[in-house]
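The sequence lines fix the lettering, A, B, ..., with proteins before strands; numbering per chain opens at 1.
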Amino acid sequence: NAGVTQTPKFRVLKTGQSMTLLCAQDMNHEYMYWYRQDPGMGLRLIHYSVGEGTTAKGEVPDGYNVSRLKKQNFLLGLESAAPSQTSVYFCASRGLSINEQFFGPGTRLTVL
Amino acid sequence: GEDVEQSLFLSVREGDSSVINCTYTDSSSTYLYWYKQEPGAGLQLLTYIFSNMDMKQDQRLTVLLNKKDKHLSLRIADTQTGDSAIYFCAETSDTGRRALTFGSGTRLQVQP
């Protein structure tokens, strides 16, 4: 099993550009999450999904959109990137009856 | 809203014990976690404790939970230089979105 994978690992964008971050899990987990981590802070929840076809906002959703068309994939989109979105993005998943969240390796995004 | 707080920095000598503290505010917290993050890396789950437990021991790690005071601690016995990292406390409830709420992390520095 690959666990939780994220692509890309690194990306540099210019202000106003768009991009999509892909998260994939092969554990048949119901729940998937996107977090962002900024220097000196813990991870903050951007959006989450409790199942295929459903998404919901977390604490810091502004400027992001998500989609979960397939159970194993959770996409995070930035329609018009801003420097404030420079961060490390982590995806995670968990099963309904499992107490642990499994994290991907992270995507380091810089917006110039 | 939910809040998790940690002290920012701890320095210990190799071989000593380290104690990292965390407080949380959410009374409905069901599980409390400790994650380790090394520079440039993702999050590694160290251990977690269910809210109806007072203590959990796993090799060099001891977790203590005072539910009345909403205080969680992680003790690392015989601290090694390889333990130098940032340690995050996190909590979640067993209902709803089951997302993690993180503290801002404690940087542990182990002096040789």
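- The side-chain contact (heavy atoms from CB on, under 4.5 Å) check on A:Lys71 picks up A:Asn28, A:Glu30, A:Glu52, A:Arg68, with sequence neighbours excluded.
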Show which side-chain atoms of residues 102-112 of chain A pair as donor or acceptor with protein atoms under 3.5 Å away, not counting sequence neighbours.
residue	atom	partner	partner atom	Å
A:Thr107	OG1	A:Gln6	NE2	3.4
A:Thr107	OG1	A:Pro8	O	2.6

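- At a threshold of 4.0 Å, the pair B:Lys67-B:Glu91 does not count as salt-bridged, since none of the basic side-chain nitrogens sits closer than that to a carboxylate oxygen.
- At a heavy-atom separation below 4.5 angstrom, chain A is approached by B:Gly40, B:Ala41, B:Gly42, B:Leu43, B:Leu45, B:Tyr48 within residues 39-58 of chain B.
- The parts of A:Leu43 that come within reach of chain B are both its backbone and its side chain, each placing non-hydrogen atoms under 4.5 angstrom from that chain.
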Step by step, work out the side-chain hydrogen bond (donor to acceptor under 3.5 Å, both in side chains) result for A:Asp38 and A:Ser87.
CA-CA 5 Å; A:Asp38 299 303; A:Ser87 189; 2.9 Å; yes
Identify each donor-acceptor pair in which a side-chain atom of residues 104-112 of chain B lies under 3.5 Å from a protein atom, sequence neighbours left out, and give them as a table.
residue	atom	partner	partner atom	Å
B:Thr106	OG1	B:Gln6	NE2	3.1
B:Thr106	OG1	B:Ser7	O	2.5
B:Gln109	OE1	B:Gln111	NE2	3.1
B:Gln111	NE2	B:Ser11	OG	3.4

Kindly determine whether A:Tyr48 and B:Arg97 satisfy side-chain hydrogen bond (donor to acceptor under 3.5 Å, both in side chains), including the steps that lead there.
CA-CA 8 Å; A:Tyr48 66 98; B:Arg97 65 188 191 184; 5.0 Å; no
